[in-house]
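Each remark here refers to the structure printed beneath this line.
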Amino acid sequence: MVIIGAGFAGLETARALSGAEVDVVLLDRKNHHCFQPLLYQVATAALSPADVAWPIRSIVSDQDNVIVIMADVCAVDTTSKIVRTKEGDSFHYDYLVIATGAYSSYFNHPEWAQYAPGLKTIEDATRIRAKILIGFERAEKGTSEAEIQKFMTFVVVGGGPTGVELAGSIAEIARSVLVRDFRRINPQSARIVLAEAGPRILSTFPTDLSDYTEKTLTDVGVEVITGRAVTSCDEQGVSLAGGERIETACVLWAAGVKASPAAEWLGVEGDRAGRVPVNEFLLIPGSSNVFVIGDTASVRGGGEPVPGLAPAAKQMGRHVGRHITAIVAGAKPRQSFVYRHQGDLATIGRKAAVVAFSRTKLRGFLGWLVWSVAHIYFLIGARNRAVVAINWVWEYITFQRGARLIS
């Protein structure tokens, strides 16, 4: 069995195959698994990369039936049952699981990527961290008010959880963390803009939690703009629908995603985001041995699209692992995949978050506590849980962020 991708979905598949009579080859172009929900904290200097990433080999080291190969997949031949890599290697499979995730989508404007980095990898996070901190550094030696203001203006595009968390965290850095570090500028005067094309931020949350989030962001100094899409983006700033131009040296992208090129590999037509349509067993149509899961798959649970969230990816991985285990044991599994939504969470900043479970809504400090416990719980390894918890307590008490490094 070959699994492409060691994200939440791929790793969960491999774990579900522990003890099964199957040889697993786990392919990934990186040597580490990244806990994406906390990447924004790396990007805003609250955590170091090692706090949210772990070597893949270490994670599956106790599974004798798993071999990890660092390789960049470029093609899949479903007729010959072969996976090919850019390095020239070929891997034969009986069963194939594609869990290659998604990337930032710039809505047919790929040229914007060089000016507005998205947040999907450790490299993205450290690049964004440098971009934010360099803004303050360049403002400190600015020679005019206009130049200083440009370097101290930060625009986050996209009002989903990632955009909200980035904007709130940047505001916290400017208002509380950096205020004592500079002599010629006042970081508290930084302008932070959160731009959302839709009518409200956090559109998947209940309206009252969305309204609370907007008010809380406004209270900490974030300028929230809704109903106005970005029409252009360059090294000097962004333009919004309606003609407004914002001059800035730091634009961050959290507005959308597109799937990996798995549809192209398989020779099937993807949806608008490039995701591969799969049936109720997470198999591509007409196949009995090729599964597509996680953000790469277009899945409908109860008629509704399954969201691109970590819990959904893990549920898909467990389902496929159990399906394969049953097959190799001689059974004929007929259980369809059923997604069970566990809730939505987003943190706004210090002591403030929103949580929406099926019948429960939390906000403010209590929401922040639930958000914190949930994220620490899902981290891999006792060391990382302890380090992240200690860092958060230290930051809460001292208003300091120790990972303010430009690399």
Side-chain angles (χ1 to χ4, degrees), residues 1-28 33 35-37 56 59-60 62-63 65-66 76 78 81 83 93-102 257 259-260 262-263 265-266 268 270-271 273-344 358 374 377-378 380:
M1 180 173 180
V2 173
I3 302 172
I4 309 175
F8 289 111
L11 273 182
E12 202 66 27
T13 304
R15 284 171 161 173
L17 291 165
S18 178
E21 294 296 323
V22 58
D23 295 322
V24 180
V25 177
L26 181 56
L27 304 175
D28 199 287
H33 166 77
F35 189 76
Q36 285 190 345
I56 299 168
I59 296 172
V60 297
D62 60 343
Q63 288 187 235
N65 65 338
V66 178
V76 173
T78 55
K81 299 182 181 179
V83 173
Y93 66 84
D94 294 308
Y95 293 95
L96 174 65
V97 177
I98 300 178
T100 41
V257 296
S260 69
W265 298 343
L266 297 169
V268 302
D271 65 8
R275 294 170 298 195
V276 177
V278 296
N279 64 18
E280 68 272 25
F281 304 112
L282 306 180
L283 289 159
I284 65 173
S287 174
S288 61
N289 67 341
V290 178
F291 300 84
V292 181
I293 59 177
D295 291 347
T296 315
S298 176
V299 187
R300 290 191 173 271
E304 295 295 323
V306 175
L309 301 173
K314 296 176 77 170
Q315 289 179 36
M316 291 185 217
R318 284 194 294 271
H319 177 86
V320 171
R322 291 166 182 166
H323 186 99
I324 298 295
T325 300
I327 289 176
V328 298
K332 294 183 178 180
R334 288 294 181 189
Q335 185 177 5
S336 301
F337 172 72
V338 178
Y339 170 61
R340 293 175 175 81
H341 189 58
Q342 298 174 341
D344 296 299
S358 57
Y377 175 79
F378 284 111
I380 297 176

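Counting from 1, the numbers follow the sequence of the chain as shown.
By the 4.5 Å heavy-atom criterion applied to side chains, Phe337 and Val299 are counted as neighbours. Side chains of Leu11 and Val60 form a contact here, defined as non-hydrogen atoms less than 4.5 Å apart. When side chains are defined from C-beta on, Ile324 does not count as touching Val97, because their heavy atoms never get closer than 4.5 Å. No side-chain heavy atom of Ile3 sits under 4.5 Å from any side-chain heavy atom of Val66. Annotation: side chain of Glu12 is not in contact with side chain of Ile293 (no heavy-atom distance under 4.5 Å). Using a 4.5 Å cut-off on side-chain heavy atoms (C-beta onward), Gln315 and Gln342 make contact. A heavy-atom distance below 4.5 Å is found between the side chains of Ile327 and Tyr95. Contact annotation: the side chain of Arg318 never approaches that of Arg15 to less than 4.5 Å [non-hydrogen atoms, C-beta and beyond].
Distance alone, capped at 3.5 Å, is enough to place a donor-acceptor pair between the Thr296 side chain and the Thr100 backbone. Remark: the backbone N or O of Val276 is not paired with any side-chain donor or acceptor of Ser298 at under 3.5 angstrom.
Heavy-atom minimum distance, His33 versus Ile59: CB-CD1, 3.8 Å. Closest heavy-atom contact between Asp295 and Ala102: CB-CB, 3.8 Å. The heavy-atom pair separating Ile56 from Ala6 by the smallest distance is CD1-CB, 3.5 Å. The heavy-atom pair separating Leu283 from Asn289 by the smallest distance is CD2-N, 3.8 Å. Nearest approach of Ala263 to Gly274, heavy atoms of both residues: CB-O, 3.9 Å. The two residues Ile98 and Ala262 come nearest to each other via the heavy atoms CG2-CB, 3.8 Å.
By the neighbour-count criterion of 12 heavy atoms within 6.0 Å, atom CG of Asp23 is sparsely surrounded, having that number or fewer from other residues, nucleotides or ligands.
For the side-chain contact (heavy atoms from CB on, under 4.5 Å) with Val292, the qualifying choice from Val268, Leu282, Leu266 is Leu266, the only one to do so.
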